[in-house]
Amino acid sequence: METILQFIEENKQIIYFVILSIFVGVEVIGGVPAVLHTPLMSGANAIHGVVIVGAIHVMLMVDPSNVLALILGFLAVLLGTLNVVGGFVVTDRMLEMFKKKK
């Protein structure tokens, strides 16, 4: 319990920043009309390719004997890839709705 309190004390500014970011994100997303929500989210998912690059970079810098870090890095690459592919699939489906029918 003491280590948790020490961690909170050492990282108080970061914790405040994360909490403030959550509130700002909820307000921004809450103000988006329902019609625009899906296109914005699919585009945001596609942008998350940065997660993949960051995870690969971290995996390259980790000591090969640190199995936990390698597993977490692999999961980050896997989930980031699924997020990017999902963003492109949703965007493609939306664009198909606007094409003229033959």
Side-chain angles (χ1 to χ4, degrees):
M1 183 67 180
E2 202 167 299
T3 57
I4 295 172
L5 293 174
Q6 182 182 2
F7 175 79
I8 291 172
E9 185 64 34
E10 290 173 357
N11 298 305
K12 193 182 300 184
Q13 289 181 337
I14 295 172
I15 294 170
Y16 288 151
F17 182 77
V18 169
I19 292 171
L20 181 64
S21 299
I22 290 170
F23 284 123
V24 169
V26 167
E27 287 299 316
V28 169
I29 295 298
V32 174
V35 175
L36 293 177
H37 189 266
T38 303
L40 289 175
M41 289 308 295
S42 65
N45 287 347
I47 292 172
H48 281 110
V50 174
V51 171
I52 299 170
V53 174
I56 291 171
H57 178 71
V58 168
M59 286 178 66
L60 289 174
M61 297 300 176
V62 158
D63 183 31
S65 63
N66 191 349
V67 177
L68 179 63
L70 291 174
I71 291 172
L72 290 175
F74 173 75
L75 286 175
V77 171
L78 180 69
L79 295 175
T81 303
L82 289 174
N83 201 8
V84 169
V85 170
F88 282 118
V89 168
V90 170
T91 304
D92 187 49
R93 280 189 179 178
M94 285 186 312
L95 292 176
E96 287 291 325
M97 292 185 337
F98 295 107
K99 287 186 179 177
K100 291 184 178 181
K101 297 180 181 176
K102 294 180 181 178

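The first residue in the sequence is number 1, and the count goes up from there.
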Note to self: For a 4.5 angstrom cut-off between non-hydrogen side-chain atoms, does V51 reach N83?
What the structure shows: no
Notebook entry, point to check: What's the shortest heavy-atom distance between I15 and I8, and which atoms?
Noted result: CD1-CA, 4.0 Å
Check: Closest heavy-atom contact between A55 and G73?
Finding: CB-O, 4.0 Å
Next item on the list: Assess whether atom CE of M1 is packed by more than 12 heavy atoms of other residues, nucleotides or ligands within 6.0 Å.
Entry: no
Notebook entry, point to check: Are I52 and F88 co-members of a hydrophobic cluster defined by side-chain heavy atoms under 4.5 Å apart?
Noted result: yes
Check: Nearest 0.5 Å, what's the CG-CE distance between D63 and M61?
Finding: 13.0 Å
Notebook entry, point to check: At what distance, to the nearest 0.5 angstrom, does CD1 of I19 lie from CD1 of I14?
Noted result: 12.0 Å
Margin query: Would you say Q6 and E2 are linked by a side-chain donor-acceptor pair, where the criterion is simply a distance under 3.5 Å?
Written below: no
Next item on the list: Could you tell me which non-hydrogen atom of P64 sits nearest to which non-hydrogen atom of L70, and how far apart they are?
Entry: O-CD1, 3.5 Å
Notebook entry, point to check: Would you say Y16 and L20 make side-chain contact, with heavy atoms under 4.5 Å?
Noted result: no
